[in-house]
Amino acid sequence: MSTMQWGLLVVGLFGLVTSSVFLGMVLIGARRFRREAMQEDSRLGERPEFLPAISLFKPLHGDEVGLEANLRTFFEQDYLQHVTAAGGATEENGVSRVELLFCARNESDGGLEVARRVAAEFPEITTKFVTSGAPWASNAKVCSLAAMAKVATHDLWAISDSDVRVTPDYLRRIVMPFADAKVGCATCLYRGVVVKGGLWSQLEAVGMTVEMSSGICADSLIEPVRFALGPTMVTRRERVEELGGFESMAEYCADDYVLGNWIAKNGHKVVLSGHAIDHMVLQADFVDSMKHQVRWMKSTRFSRPKGHLGTGLTFGVPFGVMAWAGALMLGMPVLGWCALVGSVLGRSIQAWVVGKYVVREKRIWSAIVLFPVRDLIGPLIWALSYASNRIQWRGEVYELVEGGMMRPVEGRSASFATTRLASDHERR
């Protein structure tokens with residue numbers, strides 16, 4: 001029995017050391033991120049302002065909760081007003097300098113209907129509606145991006161998911177890095193915002209807000225940014241064409257990571273903007289929330305296997321519980337309680353610093369209280385990411401393979417296979 005007790009204590013204390021080192025890296029990275037974000041804020045008001053023509057890509061799949069409100073924020077940008085104030089033309093080649101592109105699989109898609117309804121209220125903005133047909137590759141989102149690329153007018157592209165909301169200055173902020181010709185891609189962090197649901201939705205949201213952002217802050221101390229985040233990816237047409245078009249990444253699960261990583265490997269700079277946006281959490285119950293988080297972690301596991309493996313050493317509260325239990329059983333209550341309280345306090349400090357100074361979380365006290373709980377279940381989600389190679393996405397089952405590619409499981413659907421083969425033939 002004493003061997004198990006000492007094992008709990010030793011493993012717990014070791015984990016507290018590794019998670020504390022990680023916390024220190026997060027705090028240093030957050031301080032640097034905040035400094036750079038403040039410099040970016042000051043540059044936003046400089047004149048002349050950098051306001052290139054831009055095409056926004058919006059892949060859609062059905063009328064999800066809050067979609068109309070999400071899309072409306074992209075039409076309510078102050079970009080064209082600033083172009084006018086700077087004495088520039090609001091149109092280029094007969095198209096507004098802000099062009100919105102929406103794509104779904106077919107014309108009857110509910111999301112496309114919502115987009116048309118919102119677009120009708122903003123006639124000054126050029127809007128195009130595209131259909132991609134049945135997916136010709138594993139990643140249906142990339143199929144939509146490829147379809148929109150064919151009709152995009154402008155050479156600067158901003159890709160964003162349908163479940164995000166942005167502030168009116170969003171576009172002006174995310175294009176700023178491209179004043180530097182060396183920049184090939186830009187991305188930004190996001191805050192989790194609960195649309196519906198209770199505790200489980202809130203825990204997933206605080207994971208997006210704090211855990212994901214913390215990892216990026218710590219990683220920034222080790223190497224330059226070499227990835228993009230799906231809620232916002234900005235790049236140039238020529239950078240995508242260098243990669244062979246979006247078609248080249250259509251078999252990958254983490255298309256956002258692939259886009260940023262491949263652009264970086266081609267020698268171009270990838271920039272993490274100091275701006276943060278709202279990512280809406282749509283999973284209301286425990287099962288849906290866990291499936292979504294495990295799928296995301298599985299994707300990370302295949303895209304960045306070494307980094308994902310190391311994630312297991314960053315969860316402070318579980319190690320604090322282990323050290324607490326082992327110390328109490330060995331008759332060392334002071335050590336045990338110090339380990340437990342210290343681990344909870346550390347994660348609360350992490351939530352406060354990252355929430356307040358990195359992503360500018362509006363409900364900071366909620367994040368401070370909930371993040372230690374989210375940290376407690378983090379190892380379960382991490383462990384489940386190793387349980388199998390299969391994920392479920394948009395009602396379809398896929399298998400992840402080495403390098404982050406995904407394949408539909410056998411017997412999935414004959415129509416998919418037929419459509420995909422036909423599309424591959426057309427592209428060749």
Side-chain angles (χ1 to χ4, degrees), residues 12 15-38 164 188-195 197-221 229 231 272 274-281 283 289-290 292-293 296-297 300 307 310-324 337-382:
L16 284 175
V17 171
T18 61
S19 60
S20 296
V21 170
F22 172 74
L23 175 59
M25 294 176 66
V26 170
L27 298 182
I28 296 170
R31 182 186 180 197
R32 187 168 75 175
F33 179 91
R34 177 59 176 166
R35 183 173 63 248
E36 293 173 353
M38 291 177 67
V164 300
C188 66
L189 298 175
Y190 47 87
R191 301 171 289 265
V193 178
V194 176
V195 175
L199 177 62
W200 296 111
S201 295
Q202 294 177 47
L203 290 176
E204 181 174 351
V206 78
M208 288 182 179
T209 301
V210 181
E211 184 178 284
M212 186 276 298
S213 302
S214 295
I216 292 175
C217 284
D219 187 65
S220 69
L221 301 180
L229 300 172
L272 179 64
H275 187 59
I277 63 176
D278 290 337
H279 191 305
M280 318 314 288
V281 177
Q283 293 69 228
S289 179
M290 288 295 289
H292 184 254
Q293 293 178 78
W296 177 77
M297 274 216 171
T300 305
T311 300
L313 298 175
T314 66
F315 303 108
V317 176
F319 287 118
V321 171
M322 292 176 66
W324 169 78
W337 284 107
C338 285
L340 180 60
V341 173
S343 67
V344 173
L345 181 61
R347 297 315 112 177
S348 295
I349 292 173
Q350 181 179 339
W352 173 61
V353 171
V354 174
K356 185 177 178 64
Y357 297 106
V358 175
V359 296
R360 308 180 194 188
E361 169 62 51
K362 302 174 182 67
R363 301 178 64 222
I364 188 63
W365 287 108
S366 176
I368 291 172
V369 171
L370 289 175
F371 185 61
V373 181
R374 174 59 179 77
D375 194 62
L376 185 62
I377 64 174
L380 173 62
I381 300 171
W382 176 79

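All residue numbers refer to positions in the sequence shown, counting from 1.
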Review point. CG of Leu340 to CZ of Phe319: how many Å apart, nearest 0.5 Å?
Key: 14.5 Å
Point to revise | Results of ring pair (Phe, Tyr, Trp, His ring centres under 6.0 Å) for His279 - residues two or more places apart only | key: Tyr190
Review point. Sequence neighbours excluded, which residues qualify as side-chain contact (heavy atoms from CB on, under 4.5 Å) partners of Thr18?
Key: Phe14, Leu313
Review point. Just by distance, do the side chain of Thr314 and the backbone of Gly310 share a donor-acceptor pair under 3.5 Å?
Key: no
Practice item. Using the test side chain to side chain donor-acceptor pair (under 3.5 Å), find all partners of Arg360 that sit at least two apart in sequence or belong to another chain. Key: Asp41
**Study point:** Closest non-hydrogen atom pair between Pro318 and Pro379, with its separation
**Key:** CG-CG, 3.4 Å
Review point. Got a sec, which residues hit side-chain contact (heavy atoms from CB on, under 4.5 Å) with Ala323, two or more places apart in sequence or on another chain?
Key: Leu9, Leu13, Leu16, Ala339
Practice item. Begin from the C-alpha positions of Val26 and Val353 and carry the test side chain to side chain contact (heavy atoms under 4.5 Å, CB included) through to its verdict. Key: CA-CA 9 Å; Val26 170; Val353 171; over 6 Å; no
Revision key, fill the gap. Sequence neighbours excluded, the answer for salt bridge (Lys or Arg N to Asp or Glu O under 4.0 Å) partners of Lys362 is Asp278
**Study point:** Val281/Val195 under side chain to side chain contact (heavy atoms under 4.5 Å, CB included): CA gap, chis, key distance, verdict
**Key:** CA-CA 6 Å; Val281 177; Val195 175; 5.8 Å; no
Check your understanding: Who passes ring pair (Phe, Tyr, Trp, His ring centres under 6.0 Å) against Phe33, sequence neighbours left out?
Key -> none
Review point. Nearest 0.5 Å, what's the CG-CG distance between Leu370 and Leu376?
Key: 12.5 Å
Point to revise | Leu345: partners by side-chain contact (heavy atoms from CB on, under 4.5 Å), with sequence neighbours left out | key: Ile349
**Study point:** Summary of salt bridge (Lys or Arg N to Asp or Glu O under 4.0 Å) pairs that have at least one residue in residues 339-358, sequence neighbours excluded
**Key:** none
Exercise for review: Find the distance between OG (Ser220) and CD1 (Ile28) and round it off to the nearest 0.5 Å.
Suggested key: 10.0 Å
Under 3.5 Å, sequence neighbours excluded: what are the donor-acceptor pairs made by side chains of residues 206-216?
from: Thr209; atom 1: OG1; to: Gly192; atom 2: N; distance (Å): 2.8
from: Thr209; atom 1: OG1; to: Ala205; atom 2: O; distance (Å): 3.0
from: Glu211; atom 1: OE1; to: Arg374; atom 2: NH1; distance (Å): 3.1
from: Glu211; atom 1: OE2; to: Arg374; atom 2: NH2; distance (Å): 3.4
from: Ser213; atom 1: OG; to: Thr209; atom 2: O; distance (Å): 3.0
from: Ser214; atom 1: OG; to: Val210; atom 2: O; distance (Å): 2.6
from: Ser214; atom 1: OG; to: Gln350; atom 2: NE2; distance (Å): 2.8

Check your understanding: At what distance, to the nearest 0.5 angstrom, does CZ of Phe315 lie from OG of Ser343?
Key -> 13.5 Å
Exercise for review: Might you confirm whether atom CZ of Arg34 has over 12 heavy atoms from other residues, nucleotides or ligands at distances under 6.0 Å?
Suggested key: yes
Review point. Which pairs pass ring pair (Phe, Tyr, Trp, His ring centres under 6.0 Å) with one or both residues in residues 339-380, sequence neighbours excluded?
Key: Trp352-Tyr357
Exercise for review: Output the distance between atom CD1 (Ile381) and atom CE (Met290), rounded to the nearest 0.5 Å.
Suggested key: 4.5 Å
Exercise for review: Mind checking salt bridge (Lys or Arg N to Asp or Glu O under 4.0 Å) for Arg32 and listing every partner two or more places apart, or none if nothing turns up?
Suggested key: none
Exercise for review: Carefully, step by step, assess Cys217 and Val358 under the rule side chain to side chain contact (heavy atoms under 4.5 Å, CB included).
Suggested key: CA-CA 9 Å; Cys217 284; Val358 175; 4.0 Å; yes
